[in-house]
Amino acid sequence: MNHRRLALAVLPLLLAVTGCTSGTADDEPVPRPAAAERPSPFRDCATLSTAPTAPSPGSGTATPTTATPASPGTTAPNGTTARAAGGSALPELTLSCFTGGAPVVLREVAGPAVINVWASWCPPCRKELPAFQRLSERAAGQLQVVGVNSRDSRGGAQSIGEDFGVRFPILVDQGEALQRELKRNAIPLTLFVDADGQVRHIDASGALDDTKLAKLVRQHLGLAVPA
């Protein structure tokens, strides 16, 4: 009996010295590899500060024309109020690029440019995004099309880009900083920025189609784009 008591007393000491596990090494869970991130459908933002380069004549893309800027307080054909003829500079904001890389200073986006504020949860935004993609293709070399994804999830924006074939660069504005600067609550919003970086018009009329976009680009940026 005494030997048994002695053995029971010594056993905890031995376990404390050698260490105690609940199983063998084979029982330990094997770490799972991290899921590979889907490649972004959008272009990177590296060239946004470079002015569009006009293609050679006869390429079928947008051509310059003579625009008549709207007078202060006039109403554009789509029912929205146009900016004053002199325009105004883009807000002093720095936004991240969806694809990563260096943040983008919004005022350094080289015009002419069409900047569309959108989100995947906004039905009119989803409706008009394909028209902006077509504009980016038809007006390549004459203007830049840039998206600003506002208060959205990365997965939602990614899925929209994949499903709708959106390829132009996308900036990310989770805090709605651009909307606050513009004093606009609703989206979609579309900014028409001339070659001098001046905002010539802000459209908030709802989903734009190819015809409306071509008309607004001609009216406010002086470019003829096939609709």
**Message:** Quiz question: by atom type and distance under 3.5 Å, do the side chains of D152 and S120 form a donor-acceptor pair?
**Reply:** yes
**Asked** For the residue pair N149 and A119, what are the closest heavy atoms and their distance?
**Response** ND2-CA, 3.8 Å
**Request:** First locate atom CZ of R151, then atom SG of C122, and finally report the distance between them rounded to the nearest 0.5 Å.
**Result:** 10.5 Å
**Fill in**
Closest heavy-atom pair, A207 versus P124, reported as atoms and distance to 0.1 Å, is CB-O, 3.6 Å
**Request:** Give the C-alpha distance, both sets of side-chain angles, the deciding distance and a yes or no for salt bridge (charged side-chain N to carboxylate O under 4.0 Å, His left out) between D210 and R138.
**Result:** CA-CA 10 Å; D210 296 88; R138 292 167 179 164; 2.8 Å; yes
**Message:** Testing the basics here: between R218 and A224, what is the closest heavy-atom pair and its distance to 0.1 Å?
**Reply:** NH1-CB, 3.4 Å
**Member of F164, F98, F168 meeting the ring pair (Phe, Tyr, Trp, His ring centres under 6.0 Å) criterion with F42** = F98
**Message:** Whether the side chain of E92 engages the backbone of R107 through a donor-acceptor N/O pair (distance < 3.5 Å, no angle test) should be reported.
**Reply:** no
**Request:** Would you give the length of the straight line joining atom CG of L106 to atom CG of L90, rounded to the nearest 0.5 angstrom?
**Result:** 4.5 Å
**Asked** To the nearest 0.5 Å, what is the distance between SG (C97) and CD1 (I170)?
**Response** 8.5 Å
**Complete:** Taken to the nearest 0.5 Å, the spacing of L221 CG from L143 CG works out to 6.5 Å
**Request:** Kindly indicate whether the side chain of L213, heavy atoms from C-beta on, has any atom under 4.5 Å from the side chain of V225.
**Result:** no
**Item:** Residue pair R43 / P169, side-chain heavy-atom distance below 4.5 Å
**Value:** yes
**Fill in**
Heavy atoms of E128 and L208 approach each other most closely as OE1-N, 2.9 Å
**Asked** Minimum heavy-atom separation for E162 to P39, with atom names?
**Response** OE2-O, 4.3 Å
**Fill in**
In short, D44 meets T99 closest at the heavy-atom pair CA-OG1, 3.3 Å
**Prompt:** Do the side-chain N and O atoms of S205 and D203 include a donor-acceptor pair separated by under 3.5 angstrom?
**Reply:** yes
**V109 side chain reached by V193 side chain, heavy atoms, under 4.5 Å** = no
**Request:** To the nearest 0.5 Å, tell me how far R184 CZ sits from Q179 CD.
**Result:** 10.5 Å
**Heavy-atom check, side chain of L178 versus side chain of L171, under 4.5 Å** = no
**Request:** May I ask you to decide if T50's main-chain N or O and T47's side chain share a donor-acceptor pair within less than 3.5 Å?
**Result:** no
**Item:** I187 and W121, any side-chain heavy atoms less than 4.5 Å apart
**Value:** yes
**Asked** Out of T190, L216, V114, which one pairs with H201 under the side-chain contact (heavy atoms from CB on, under 4.5 Å) rule?
**Response** L216
**Message:** Contact between V145 and N116 at the side-chain level, heavy atoms closer than 4.5 Å - yes or no?
**Reply:** no
**Item:** N/O donor-acceptor pair under 3.5 Å between Q144 side chain and I115 backbone
**Value:** no
**Asked** Do the side chain of D194 and the main chain of D196 share a donor and acceptor less than 3.5 angstrom apart?
**Response** yes
**Request:** Could you grab the distance from atom CD of Q174 to atom OG of S150, nearest 0.5 Å is fine?
**Result:** 7.5 Å
